[in-house]
Amino acid sequence: MTEDGYNPYKMAQEQFDRIAEKLDLEESLRELLREPIREYHFNLPVKMDEGGTKVFKAFRVQHNDALGPCKGGIRFHPEETIDTVRALAMWMTWKTAVADLPLGGGKGGVICDPRELSDREQERICREYIKAINKNIGPLQDVPAPDVMTTAQHMLWMMDEYECIKGGQYPGVITGKPEGKGGSKGRTEATGYGVIYVLRELLDEIDRDFEEITASIQGFGNVAQHAAELFIEYGGTLVSVSCWDQEDKKAYCYYREDGVCIDELRSITDRYGSIDKKKAKERGYEQFPGDDWLKHEVDLLIPAALENAINEDNVDDIPSCVELIVSGANGPITPEADEILEDRDMIVVPDFLANSGGVTCSYFEQVQNNQNYYWPKDEVLEKLDNSMTKAFHEVWDMAQEKDVRMRDAAYMISINKVAEACKARGWI
Ligand code: GLU
């Protein structure tokens, strides 16, 4: 979100420029890759339940499609901005490339707060969004998916609207659909599980075991819940979960020294990932301000909410015992904070590698849609694990070989891949 000088698009461009310089990329490629290829802005008129029409602003940004159709989620958020969507679209390009998927990068957003809208109103937003963008998306052009505050149900409404307009079955127009309605088994778990597959490989490289790792997680939406679930299943101890409280309009952390119980927390969490504070207290969780999620004495931080979570202002609040950061969110660490973490020898697995499980499973969903043949969950998760493990080791090995941090190694791999594709196509 753009606020108080923080601009995610500038941040994404800064990260790109740094590596473009290291790779000595030609000027025309830099110009092409530091901005989106195309973007769409629209106003969506939506009939409200109480009567009257409200107009919602919405965007779709296609950053690059040299490696394949653009791919990336659609976010519903009251503070969405075009620059946030641009940054996220750019990060999707690097994400699909580092995950070695035949896809490009895109992202969409609607400025709205689903927590304040009925299901019918949300359905109308989804349908209006597709009416506005249907000519410019499609299985061979640009394929949306869920993201912050959008779910399988939103994807199904969008697919249905697209099919009504086109007059046919097009399950591959969108991914993250419900199982049995064109969705892949394992898609809901994929992003969160992927974060932990990557963590498992990292711990193996540095000779550590899950049993000795304590963690604090920011966020309790779909990604955070599944990351927490697998982290605990693998033997880790999660002591703190922070999440948004819609009633107080601020975040809180829920802390338990001997580890949180994920099923218990889930049973008192709404569909937007807000934990009921009264029920949490009754169940013995200590409540702290939301910002405290990074102040706890743990080994591992998992930011799994929004961008700009760790920045210049709060990076020094991270205690010295924290050794690892593995990101479920997109863009949670600003470049300034990243520098400071590097000086502290912190191991940071970059967001667009760690959270690439979602889009990898989306790719599997498209493959299954094309085959009209659906794989069992074990097969999906095994393929996902293999793919994430391979991507992690490519980045890890490159970081060792070039003696750079993992973020730079991941950027080098993905920018090189996309740059090569642009050149091979004769664009440059
Ligand atoms: N929104 C997810 C992400 O940021 C998934 C994108 C997709 O599946 O296309 O990676």
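Whatever order the structure lists them in is the order used to number ligands and atoms, beginning at 1. When a residue number appears, it is its place in the shown sequence, counting from 1.
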- Please collect all salt bridge (Lys or Arg N to Asp or Glu O under 4.0 Å) contacts where either partner lies in residues 100-110, sequence neighbours excluded, each pair once. Asp100-Lys390, Asp100-Lys417, Lys107-Asp147
Could you pull out every N or O of ligand 1 that sits under 3.5 Å from a protein N or O, with the distance for each pair?
residue, atom, partner, partner atom, Å
ligand 1, 1 (N), Pro146, O, 2.9
ligand 1, 1 (N), Asp147, OD2, 2.6
ligand 1, 4 (O), Lys95, NZ, 3.0
ligand 1, 4 (O), Lys107, NZ, 2.9
ligand 1, 4 (O), Asp147, OD2, 3.4
ligand 1, 4 (O), Asn330, ND2, 3.1
ligand 1, 8 (O), Arg187, NH2, 3.0
ligand 1, 8 (O), Ser362, OG, 2.5
ligand 1, 9 (O), Lys71, NZ, 2.7
ligand 1, 10 (O), Lys95, NZ, 2.6

- Message: The criterion is side-chain contact (heavy atoms from CB on, under 4.5 Å); which residues satisfy it with Cys243, sequence neighbours excluded?
- Response: Phe220, Tyr254, Ile275
- Verdict with reasoning, Thr175 to Lys71, per side-chain hydrogen bond (donor to acceptor under 3.5 Å, both in side chains): CA-CA 9 Å; Thr175 59; Lys71 188 80 194 81; 2.8 Å; yes
- Parallel under 30°, tilted from 30 to 60°, perpendicular over 60°: which one fits the rings of Phe364 and Trp375? tilted
- Query: If we ignore angles and hydrogens, is there a donor and acceptor under 3.5 Å between the side chains of Asn314 and Asp317?
  - Reply: no
- Results of ring-ring contact (aromatic ring centres under 6.0 Å, His included) for His41 - residues two or more places apart only: Phe59
